[in-house]
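Report on one structure; see the data block that follows.
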Amino acid sequence: MTHALLASVFIIASCGLAYELIAAALSSYLIGDSVTQFSTVIGVYLFAMGVGSFLSRYIEKRLAVRFIQIELLVAALGGFAALALFLVFAWLEGPFRLALYGIVLVVGVLVGLEIPLVMRILRQHIPFRDLVAQVLTFDYLGALAVSLVFPLFLAPQIGLVRSGLMFGIMNALVAVWAVWLFRHDIPNRRWLKAQCAVVLLMLGGGFAYAERLTQFAEQQLYTEEIVYARSSPYQRIVLTRWRDDIRFYLNHNLQFSSRDEYRYHEALVHPGLQALPRAKRVLILGGGDGLAAREVLRYPGVEAIVLVDLDPDVTRLFSTSPVLRALNRDSLKSGRVQIFNEDALQWLERNTELFDFIVVDFPDPSNYSLGKLYTSVFYRLLARNLAPDGLAAIQTTSPLYARQSFWCVVTTVESAELRATPYHAMVPSFGEWGFIIAGRRPYTPPAGYDLQHRFLTPDATRAMFQFPKDMERVPAEVNRLNNQILVRYFEREWRRVIR
Amino acid sequence: MRRREFIAALAAAAWAAGCRDGAAVVPALPPGELLGASHGAGHRLRGRDFPAPAETQDHQVVIVGGGVAGLAAAWRLLKAGISDFRILELEADAGGSARFGTNTVSPYPWGAHYVTLPPPEAVHVRELLADLGVIAGNPLAVKPRYEERYLCHDPQERLYRNGMWQEGLLPEIAARDEDRRQYRRFHELMDGFKARRGRGGRKAFAIPVAESAPDPELTALDRMTMREFLHANGLDSEPLHWYVNHACRDDFGAGLGETSAWAGVHYFASRDADAENADPGTVLTWPEGNGWVVRQLAARLGTRIVTRAAVHRVRDAGRRVEVDYFKLDEGRTVRARAARAIFAAPMFLVPYLLEGAPDALVTAARAFQYAPWLVANLTLKAAPLERAGAPLSWDNVIYDSPGIGYVVATHQALRTAPGPTVLTYYLPLSGQPPAAGRERLLAASRDEWAGAILADLARPHPDIRDLATRLDVFRWGHAMVRPVPGFVWSRARTAFAAPHGRLHFAHSDLSGMSLFEEAVYWGARAAEAVLKKL
């Protein structure tokens, strides 16, 4: 019995540390800032364990039964903690931190109760000096085992949610084992056995369905029904639908909503292209959804459109799905459109033919890789690919929510010896959105449009080029490959907007 | 992983290699080769076992050694309109410790891989960089404008400790308040040295070293080690010592207990150059490291560079200098005669090559010590798995590793998506006498080194072994001169500053530190001295 209980100390300790690591890793995965997340989670957890140890003195009778029940509670709460946190994060906007520290606190208290109880049970069998030495030895050994297995194997191979459930099952098995060990001390075990069975079933079911539950949780990240989700080598591609609204996400960032994307794409394409009546060759960088191409194709004078998008999964999706083909009016299948699935920087460096109009429709500069597509080197390459009288239209995040980021891009375009004409438009699903027309010659916004648009009118266009006070120019540094200042501005500004 | 564990990993790898037939516990190592300097030809020099010259060629100038100093000398001669010269290089490629390799993924460095922004005193470096299109506009401007794609892209460096990465190399993870206080104190000290001017208004610590003020109270620093200097200033913080030790090993191949405090302070106090479009502290780098500069210069020099040419005798024959070299591929000796010669090989070779070298020079040459290094290039089929914290940077350092980290060859590539890459892993064999380090370097096999390196890198990147498709190891027996205490301001070093008859010396050895800027300085300076005499 002594050895059996010491072995269970090892497992208990492993599980205890595992819950702590999983909570810390999950929170840093979801909120970021891993240093803060790890240290606060570990701190709260250790504190809670202290509370648990203190509370153990109030458990006076039926130690074995209490120990088994605590094991079952830890198994259930600890095991489902990761899944629960994921769901809370996906469902509810605010109280994620509350839930996180709440769960950490409760699991920590319960784990803190375990070891003192085991020591008190074992006291009847082992002298105190050996007891402390042996229990603590196995406690620390268990912690060591998990601290090694968790980062090396569990987190990368099994995933956080399933790892949590696995440790829950181990905890529950300790409880089952304890029921058997104490079979002589506990008279009526049926009720305990039933509790064990329920917890084990829950955890086992959770483990079996973890994949689907994670997907379900992800579904909650999006308020709508997911109709397509796929991880390409470059990004997570998700398409959702709610009634007639189709939304397209890359790495959980909204790229468009079918309800108002016409505002965005009209604003991106027409102010520039309308000013180039003789434009024949158009380049679209990014824009694998084919929506910018759809707008460009409306100009009969445009003879050739080259679309360069990194991800073949995106262009394939938008040229095969019937719903999306209806949305982009089959632009990607047009005889005038040629698609290259390549890195835009490398393509621009390789290309030798000039373009009259270039649409730059990249995701926002949320990381260093994307940040490169907003640097002075990029805009110089862009200028090299632009005909002498040509224009480029650049999507440029929000001048309202990310004001300094927006003006940083303007400053950077100017540093590449291009004239930058900034403008903005209201796209309800994005908010107030920014664009830049870049070219070598002065640019005047069109006084009228040859084509009929849903959003753009001459009056609306005039207003787009005026910046009200809260979006006026602010000083910003040039974004360079060697400072990536835009990524820093962007991260700071958007952190203020979203939680 | 401490040094002890690294050696244990080496032993384990050896054991695993020995019982390959048994249970395959360790997954197979990626293929690769063991590369290195031509030991055979080098050692043959000692025996002087070469045939008599079969042919004599006449040139205006002959340059012995095709490292950066020799190439810079040649560049300066070409710039002055002198084109009748030869560079004699022992190895199959020019470049010395700035050589590079290339494969289908990327070019990659085999040694020196960056140049700090040159201060105004480094006139030759500035002019060379302007010639190569790295500086746009006036090279002597206070704040020159650099071609952006050659400036190290952000993020430049990160440090791995306790399971996570931080930005920058000064340890923040697990640092205590006392450590941070000492960091500040250390930086104040170094800022003081940066601003300090000696006699004649010269910078206390300049690049090139030869422009530094020789004031006795400054050169006194050369008589203590960098560790003694830190302790003398009340700086005993463990992470601070780690940081300074890392810097010393990075630049000098010697730890802070082996490096002269003058050299150690020079590392921190000499790099204050400004740029129009970069912060001070930014470095210039290329996928193939300084091999990019070598490549540009070699392209201009063309057939004037003679490779696999083992110079075995240099003699000042009164009106001409005779340089005999053995063509390794043809098995015969050629005598090159020239009005002037530039000796741009490491100084320890002087006693073996220079016929009738005066005792003073021979003694001086023997005072030069060299650090052995191991450099490995790993080709990865995809970007490695990352731990929490700062993202993959150009320079990636692991706190408790025997190596000084790795650089990413594709960091400067203009691409946005992660993909296959080449990592260059650096391991200076410091902390022991150089001869012992060389012995260790030569004793271990490629598989042993590969196993140990992969084990070291697997801590931050657990999947590295599955991703590595190739791992080549380069053994540098004499990678860089060691600025041991007393050496930088010794007569041994300055003995070679003046020409010996018609022979001029040019090598970063003459600065006591193996820096690109120093090699360019001595090469260009020797060429200018030669130009005056032609």
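Numbers restart at 1 for each chain; the letters A, B, ... are given by sequence-line order, proteins then strands.
In this structure, the side chains of Glu148(B) and Ser376(A) come closer than 4.5 Å at one or more pairs of heavy atoms.
No more than 12 heavy atoms of other residues, nucleotides or ligands lie within 6.0 Å of CD in Glu417(A), so this atom counts as exposed by the packing criterion.
With a 4.5 Å cut-off on non-hydrogen atoms, His411(B) touches chain A through its backbone but not through its side chain. If you measure heavy-atom distances from Gln346(A) to chain B, the contacts under 4.5 Å come from both the backbone and the side chain.
Listed in order of number, the residues of residues 365-373 of chain A that approach chain B to under 4.5 Å between heavy atoms are Tyr368(A), Ser369(A), Lys372(A), Leu373(A).
With sequence neighbours excluded, no residue satisfies ring-ring contact (aromatic ring centres under 6.0 Å, His included) with Tyr374(A). For Phe100(B), the ring-ring contact (aromatic ring centres under 6.0 Å, His included) criterion is met by no residue, not counting sequence neighbours. Scanning for ring-ring contact (aromatic ring centres under 6.0 Å, His included) contacts around Tyr243(B) gives Phe268(B), with sequence neighbours left out.
Between Ala417(B) and Asp343(A), the shortest heavy-atom contact is N-OD2, 3.2 Å. Contact between Leu481(A) and Arg149(B) at its shortest, heavy atoms only, is CD1-CA, 4.3 Å. The shortest heavy-atom contact between Leu345(A) and Thr416(B) is CD1-CG2, 4.1 Å. Minimum heavy-atom separation, Asn482(A) to Cys152(B): CB-O, 3.1 Å.
Interface check for chain A: of the options Thr282(B), Asp279(B), Asp463(B), Leu151(B), the most heavy-atom pairs under 4.5 Å are formed by Leu151(B). Interface summary for chain B: among Leu310(A), Leu381(A), Thr375(A), Val377(A), the most heavy-atom pairs under 4.5 angstrom belong to Val377(A).
Salt bridge absent: Glu276(B) and Arg480(A) never bring a charged side-chain N and a carboxylate O closer than 4.0 Å. The pair Glu147(B)-Arg380(A) does not count as a salt bridge, with every side-chain nitrogen at least 4.0 angstrom from each carboxylate oxygen.
Between the OG atom in Ser415(A) and the CG atom in Asn277(B) there is a gap of 9.5 Å [rounded to 0.5 Å].
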